[in-house]
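A short write-up of the structure that comes next.
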Amino acid sequence: VLVAGVDPTTYGVSPDRFLEALVGGGAALAVSAAFPSNPSMRARQAVRPVLEDLATALRDAAAALIGGDLELAQEALSESRRIDGRVAWLREELDGGYQIARLSPPRRRHLGRLALYAAAADQLDLAVRDTRVLARAAVTLVRERGAAPGQLPEAILGLALAVEALAGYLERPERPIGDARHFALGAAGEATSVLEGNNDLETSVLVGQIRSTAVDLLQAAGMDSSEALQALREASRPNAGERSVAERSVAE
């Protein structure tokens with residue numbers, strides 16, 4: 001449209017300009033179809049910083065709770081806010097990857113891998129939002145009470161381990177996904193057990209966000225909503241012998 005509209009003549013639009021635009025656009029499409037970029041690699045390179053920054057924010061939040069460090073807790077909150085830009089870039093790369101895979105026959109075999117990344121991206125977006133609220137709750141708890149009970153930081157570290165295991169799975173889907181689910185469920189169970197001895201408002205809010213983030217990560221690891229919630233309920237029961245459903249879900 002730009003080439004055809006910017007006509008150097010003063011006697012109306014020349015048909016030559018339309019021809020030039022068609023030739024140039026056709027050549028560009030032909031080159032893109034013949035030598036397309038790798039859509040799976042684009043998605044993999046975009047999801048990596050999301051997971052790395054998410055794990056870092058969770059680890060910093062846990063460290064802040066261990067030491068009662070308000071400045072570090074606020075830094076974890078700032079880190080979690082910056083991940084939104086990474087998620088937006090991931091979605092742009094997925095859109096571009098789908099266009100390449102659909103228009104270029106040699107790249108259509110990447111559609112399955114792109115679907116895996118797209119499903120994970122939706123849940124990672126939610127996990128980033130829940131982590132942001134989690135970090136804000138950590139700031140409030142540190143400001144009001146200082147250091148937190150040991151189980152809360154351990155639960156948040158479990159979430160970070162789940163994120164790192166999920167990153168390994170997305171890099172190589174042939175690897176088992178059980179580790180990501182195991183760490184997420186363990187984090188939820190660890191956090192829930194804190195309420196048995198301490199159920200003040202600040203602690204309860206933080207436990208709720210740990211559980212919500214765990215559900216997001218379970219769904220990013222391939223569970224549907226009902227499976228994730230059921231596994232979470234089983235993992236949070238005080239009797240370890242009653243966790244058979246959660247253990248089966250992890251194994252699958």
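Both backbone and side-chain heavy atoms feed into the values below; hydrogens, waters and symmetry mates do not.
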Problem set entry | Nearest atoms (heavy-atom pairs only) where Ala147 meets Gly67 | CB-C, 4.5 Å

For this session: Show your reasoning for whether side-chain contact (heavy atoms from CB on, under 4.5 Å) applies to Leu77 and Arg132.
Result: CA-CA 6 Å; Leu77 177 57; Arg132 186 161 57 245; 4.1 Å; yes

For this session: Give the cluster check for Leu72 versus Ile83: same hydrophobic cluster or not, with ILVMFWY residues linked at side-chain heavy-atom distances below 4.5 Å.
Result: no

For this session: For residues Leu157 and Leu161, determine if any side-chain heavy atom of one lies less than 4.5 Å from a side-chain heavy atom of the other.
Result: no

Problem set entry | Donor on one side chain, acceptor on other, Ser80 and Arg136, under 3.5 Å | no

Problem set entry | Pairwise side-chain contact, Glu93 with Gln45, heavy-atom cut-off 4.5 Å (strictly under) | no

Exercise. Going by atom types only, do Asp216 and Thr213 share a side-chain donor-acceptor pair under 3.5 Å?
Worked result: no

For this session: Taking all heavy atoms of Arg181 and all of Ala221, pick out the closest pair and write down the distance.
Result: NH2-O, 2.9 Å

Seminar exercise, completed: When rounded to the nearest 0.5 Å, the distance separating CG of Leu185 from CZ of Arg211 is 10.5 Å

For this session: Please report the closest heavy-atom contact between Leu90 and Ala43, naming both atoms and the distance.
Result: CD1-O, 3.9 Å

Problem set entry | Residues Asp84 and Arg129 bridged, charged N to O under 4.0 Å | no

Exercise. Any Lys/Arg nitrogen of Glu171 or Arg48 sitting under 4.0 Å from an Asp/Glu carboxylate oxygen of the other?
Worked result: yes

Exercise. Does the pair Gln74 and Arg143 meet the rule for a side-chain contact (heavy atoms from CB on, under 4.5 Å), with working shown?
Worked result: CA-CA 10 Å; Gln74 291 171 334; Arg143 182 185 292 121; 3.9 Å; yes

Problem set entry | Reported OG-to-CG distance for the pair Ser204 and Asn199, which is rounded to 0.5 angstrom | 5.5 Å

Exercise. Taking all non-hydrogen atoms of both residues, which atom of Thr131 and which atom of Ala57 are closest, and how far apart?
Worked result: CG2-CB, 4.5 Å

Exercise. For the hydrophobic clusters of this structure (ILVMFWY residues joined by side-chain heavy atoms under 4.5 Å, transitively), does one cluster hold both Leu94 and Leu111?
Worked result: yes

For this session: Give the C-alpha distance, both sets of side-chain angles, the deciding distance and a yes or no for side-chain contact (heavy atoms from CB on, under 4.5 Å) between Val163 and Leu124.
Result: CA-CA 9 Å; Val163 171; Leu124 286 176; 6.0 Å; no

Seminar exercise, completed: To the nearest 0.5 Å, atom CG of Leu54 lies from atom CD of Glu164 at 10.0 Å

Exercise. Under a 4.0 Å N-O cut-off, is there an ion pair linking Asp53 with Arg82?
Worked result: no

For this session: Compare all side-chain heavy atoms of Leu218 with those of Glu227 and state whether any distance is below 4.5 angstrom.
Result: no

Seminar exercise, completed: Taken to the nearest 0.5 Å, the spacing of Leu58 CG from Glu79 CD works out to 10.0 Å

Exercise. If two hydrophobic side chains count as joined below 4.5 Å and joins carry through other members, does Leu116 share a cluster with Leu51?
Worked result: yes

Exercise. Do Gln219 and Ser225 have side-chain atoms, one donor and one acceptor, less than 3.5 Å apart?
Worked result: no

Seminar exercise, completed: In short, Ala137 meets Val205 closest at the heavy-atom pair CB-CG1, 3.9 Å

Exercise. For the side chain of Gln99 and the backbone of Gly96, is there at least one donor-acceptor N/O pair under 3.5 Å apart?
Worked result: no

Problem set entry | Check: Leu166 and Ile177 side chains under 4.5 Å, non-hydrogen atoms | yes

Problem set entry | Leu152-Leu195 co-clustered via ILVMFWY side chain contacts under 4.5 Å | yes

Exercise. Can you tell me if Gln209 uses its side chain to pair, donor with acceptor, with the backbone of Asp130 under 3.5 Å?
Worked result: yes

For this session: Could you tell me the separation between the CG atom of Asp60 and the CD1 atom of Ile156, rounded to the nearest 0.5 Å?
Result: 11.0 Å

For this session: For Tyr117 and Arg44, work out which heavy atoms get closest and say how close.
Result: OH-CB, 3.4 Å

For this session: Consider only side-chain heavy atoms of I, L, V, M, F, W and Y, link residues closer than 4.5 Å, and tell whether Tyr98 and Leu170 are in one cluster.
Result: yes

Problem set entry | Short N-O contact, Arg91 and Asp95, less than 4.0 angstrom | no

For this session: Show your working on side-chain contact (heavy atoms from CB on, under 4.5 Å) between Asp200 and Asn198 and close with a plain yes or no.
Result: CA-CA 6 Å; Asp200 60 274; Asn198 193 345; 2.2 Å; yes

For this session: Look up atom CD in Glu144 and atom CD in Glu202, then write down how far apart they are to the nearest 0.5 Å.
Result: 5.5 Å

Problem set entry | Arg42 side chain near Asn38 side chain, heavy-atom distance below 4.5 Å | no

